[in-house]
Each structure stands twice: as structure tokens, then as C-alpha cells.
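The sequence lines fix the lettering, A, B, ..., with proteins before strands; numbering per chain opens at 1. Everything numeric in this text was worked out from a predicted model, so none of it was measured.
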2 protein chains.
Amino acid sequence: MSSLSTAEERVPVVTASAVREFASGGYRGTTIADVARDARISPAYVFKLFPSKERLFVAALADCFRQIVETLSMGADEAEDTSSDGILDAMGGAYAELISDRSLLMLQVHAQSVANIPEIGQALRLGMASVVRLAKSRSGASDDAVQRFVAYGQLCHLIVTTGIDDVPDEWASILSAGIRHPR
Amino acid sequence: MSSLSTAEERVPVVTASAVREFASGGYRGTTIADVARDARISPAYVFKLFPSKERLFVAALADCFRQIVETLSMGADEAEDTSSDGILDAMGGAYAELISDRSLLMLQVHAQSVANIPEIGQALRLGMASVVRLAKSRSGASDDAVQRFVAYGQLCHLIVTTGIDDVPDEWASILSAGIRHPR
DNA sequence: CCCGTGAGTGACTGTATAGTCACTCACATG
DNA sequence: CATGTGAGTGACTATACAGTCACTCACGGG
């Protein structure tokens, strides 16, 4: 199948498939065959492009954070209110838009759940480090404000994974109030 | 093995084993055999006590939230500062102590990652509902304060799962600052 | 036109695992 | 002592999955 291409061109395509598939099934719930099917290549060829399932997941996670950092950065560029809080707010808005298809969000949640695998924990820390450093340096906000920025981001993850935004009860609206999350 | 007992007595014991094992391996990464070994019974008998792996996980998660609610409630009872913020703070302290062995924390994180399995998502929402309702009713704090309470709880989960509290860099201390988490 | 290189795969292996079922055996009761 | 009930298990099935390997085949350079 597939019109002869170079391996180097295939790698980002397979990585993108891995992001989607791992996001939907998690690390253990996703098979190499799933990723291969999405990328329209054979499972065997996935192993020619990546040495193991673990490394494929790491590549997907790294790409996820690459996209996040890029998006946050653009959000900061386009902030109308250029105070620290205004910039953090613009970044939050850009992030909310980015994760509207939920893949990048779910991948992070799944990664947290297998962060005890050393290479995955490492990749997760690298990603969070780049996010925190970007938020701090671009906004110039206080440490507390950056911490709050991340905390509410995590709350947003909880709301989306559990589908709290579709629950009409009082407790659910307490958690969701004012949080920008994908509809 | 094991000194003849009633099934009803076994259930909570197996549930406790399930909490530990699922917390350490996640839903897909933990086998019925793992839980059985921990509970010192045969895998086959686990299926006599619980109809499926899914239901066993749900039982473990429910027990996890039962413990959390109990602990938060006791924390609120023992608060020295009885203002809303003081009570929320006492609850946070009680929670930090409860999750010092990380099992109850990790189980929640793993549950989030398989919340797309209907019964598990349901159990997670039930648990969060009881936590939010308890925090609100016991502290009488504003909706915002309760939301913040949960958001920083989620940040605490991130810090623990990724081992950020062992990273000496600046970005890591921004995230960990002032957060009570298990050492 | 031939041949080397690299893209891509089919078919396989070994292992793991959810769930089932027929069975054993301890004990309480009459 | 006989028997029924419920605790508990060994052995099995069916399936799935990570990773391997020998292979085919398209293409570009000489």
C-alpha cells in the first residue's frame, strides 16, 4: 500500500496517528496495529520507524507538547491586554481552543497515568517544564499566578475527562464555572 | 489456602487489594491475577466475588472516595480556624495526609484515564460529586473557593504523578510552591 | 538493462490474560 | 454418620498483542 515515500516523511505522519490513537485508547489500551491502521501502513513498518511502543508514545507526547507550546506562544503574541494577567488569560484561551478536539488533552491524562515508566515520566516533565517556563517568561506574571494557571488547566482536564460539563447538577457547575473548556 | 471465611468478609479484603494493585498498575496494566495474589486467593475466586474486572475496579474506586470523604469530614471536624477558608484548609491538610501512600491518589488518576468506560466515568462523577458537596456544605465557602480547592487538588496530583517535587529546577518549584503533598 | 538500496509487508512466535467450569473439600445440621 | 451448602481452586479456552524476520518490489544510478 501507499505511494513509496521516504521514512523521514513517514515519521511525522505516524507520530500524528500515534497522538490520535494513544489519546483515544491510552498507552496500554492502544495497539501498534491501531496506530498502523490509522497511518495506513503495516504494523511491522511501525517498528522500522520507532524501536518500541514506548518510544512511539514518547514521540507522540513530545509532539503534543510541541503543539501546546507553539499555541500558547501564539496566544501570548495576540493578547490584547498585555498585562501579566492579560497574557496568561490569552494563553488560556488559546489552549482551550487547541484542545477542542480533546486529543492533546487526553494524551496528557494518559501520560500521567503511565508516568511511572521512566522515559514517559521524563517526557512529561520536559513538556511541563517548557509550558511553565513559557508561561512565566512570556507573561512575566508572579510565580503564584503561573501556578494557578497550571492548576486551573488541570481542573479543566478533570472536567473534560469526566464529562462534568454535561452534568446539570449544582456540584458540577461549581467545578465548571468560568472554565474555558471545549464544548 | 486461606482459612475458610464467608464471602461477605472477603469482599472488602479483595477490594482493598484491588485499590492497591489498580493504583500501582492502572486498569489495563493490572491483572485479576495480581489482585488475587495480593488478596491470597485464586484468580477464579475473584470472579465469584465480582462479576468482571470492570466492576472490581468500580468497587475499588468507590472505596477510594469513601475513604476520602470520611477523611475530609474528619479534617473539617478538627479544624482550629473555623472560618470557611480555615475549614477548607484543614480538609486540604487531612487529604494530604491521607494520600501519603499515594494509592488513593494514583487510583483517581488511573480512573480519569479510563473514564470513557461508562461505569467507571459514572463512579468517578459520583465520587467527585460527594467531595464537592462535602467541601461546600462543611466549609460554607463560596463556589469560587470550592472550585479552587479542587483545582489545587488536581495540581497536587500532577506534582505527585510526575515526581515534580524531586526536581530541583525553577519551573518545578513554581508548581510545587506551598502545595501540601506527600513526601 | 541491471543491480543496489531502502520502502514496505506477510506470516510467525511467545507470552499474557479475561473469563469459565467442573471439581474438591470443610463444615454445620439432623 | 450422612448429606447439603457454600468456600475455594486447577485447568482450560479463546483471544490478543509486542516484537521479529525473511521476503518482495519499486526506483534511481551506472
Side-chain angles (χ1 to χ4, degrees), chain A residues 1-61 110-111 113-114 116-120, chain B residues 1-61 110-111 113-114 116-120:
Chain A
M1 203 116 304
S2 59
S3 49
L4 246 293
S5 153
T6 71
E8 262 165 31
E9 282 172 42
R10 284 261 184 249
V11 166
V13 172
V14 176
T15 304
S17 293
V19 169
R20 278 191 295 275
E21 292 295 316
F22 280 128
S24 111
Y27 181 62
R28 318 242 187 203
T30 300
T31 71
I32 293 292
D34 291 334
V35 176
R37 195 176 314 116
D38 189 273
R40 298 169 191 279
I41 61 178
S42 70
Y45 194 41
V46 174
F47 285 104
K48 291 244 164 131
L49 302 177
F50 297 88
S52 67
K53 186 182 181 182
E54 200 175 303
R55 296 284 277 273
L56 176 58
F57 188 89
V58 167
L61 190 58
H110 290 310
S113 137
V114 286
N116 58 327
I117 297 173
E119 292 198 64
I120 296 180
Chain B
M1 202 112 305
S2 59
S3 49
L4 246 293
S5 153
T6 71
E8 261 165 31
E9 283 172 40
R10 284 262 184 246
V11 167
V13 172
V14 176
T15 303
S17 293
V19 169
R20 277 191 295 274
E21 291 295 316
F22 280 128
S24 109
Y27 181 63
R28 319 242 186 200
T30 300
T31 70
I32 293 292
D34 292 334
V35 176
R37 195 176 315 115
D38 190 273
R40 299 168 191 279
I41 60 177
S42 70
Y45 194 42
V46 173
F47 285 103
K48 291 241 164 135
L49 302 177
F50 297 88
S52 67
K53 186 183 180 180
E54 200 175 304
R55 296 284 276 274
L56 175 59
F57 188 89
V58 167
L61 189 58
H110 290 310
S113 137
V114 286
N116 58 327
I117 297 173
E119 292 198 62
I120 295 179

Nearest non-hydrogen partners of A:Val19 and A:Ala60, listed with the distance:
CG2-O, 3.6 Å
Whole angstrom value for the distance that separates C1' of C:dA16 from CG of B:Asp34
11 Å
Strictly below 4.0 Å, heavy-atom distances to any atom of DNA chain C: list the hits from residues 45-54 of chain B, or just say none.
B:Phe47, B:Lys48, B:Ser52, B:Lys53
Identify every side-chain donor-acceptor pair in residues 43-59 of chain A under 3.5 Å, counting partners at least two apart or on other chains, and give the distances.
unit_1	atom_1	unit_2	atom_2	d
A:Ser52	OG	A:Arg55	N	3.2
A:Lys53	NZ	A:Tyr27	O	2.9
A:Lys53	NZ	A:Thr30	O	2.9

Near DNA chain C, under 4.0 Å by heavy atom, which residues of residues 13-25 of chain B?
none
Return the set of residues passing salt bridge (charged side-chain N to carboxylate O under 4.0 Å, His left out) with A:Arg28 (not counting sequence neighbours), or none when no residue passes.
none
Applying side chain to side chain contact (heavy atoms under 4.5 Å, CB included), can you list everything that pairs with B:Glu8, at least two apart in sequence or on another chain?
B:Thr6
Taking atom CZ of B:Arg37 and atom OG of B:Ser17, what is their separation to the nearest 0.5 Å?
11.0 Å
For A:Ser42, answer base if it contacts any base atom (sugar-phosphate contacts may also be present), sugar-phosphate if it contacts only those atoms, and nothing otherwise; contact means non-hydrogen atoms under 4.0 Å.
base
Distance, rounded to the nearest Å, where A:Arg37 contributes CZ and C:dG8 contributes P
19 Å
Calculate the interatomic distance between B:Glu9 atom CD and D:dG8 atom C1'; express it in whole Å.
15 Å
Closer to the 5' end of DNA chain D via nearest nucleotide, is it A:Ala33 or B:Glu8?
B:Glu8
Starting at OH of B:Tyr27 and ending at C1' of C:dT17, how long is that distance when rounded to a whole Å?
12 Å
Tell me whether the side-chain N/O atoms of B:Arg28 come closer than 4.0 Å to OP1 or OP2 in C:dA18.
no
Just by modelled atom types, is the B:Val35 backbone N or O under 3.5 Å from a matching donor or acceptor in the B:Asp38 side chain?
no
Of all the nucleotides listed (D:dA18, C:dA18, D:dG8), which has the minimum atom distance to the side chain of B:Arg10?
D:dG8
By side chain to side chain donor-acceptor pair (under 3.5 Å) - contacts of A:Ser113 (at least two apart):
B:His110
Can you measure A:Ile117 atom CD1 to D:dA18 atom P for me and round it to whole angstrom units?
12 Å
Looking only at non-hydrogen atoms, find the nearest pair between A:Ala39 and A:Val14 and report the distance.
CB-CG2, 4.1 Å
Please report the distance, rounded to the nearest Å, between CD1 in A:Ile41 and P in C:dG10.
12 Å
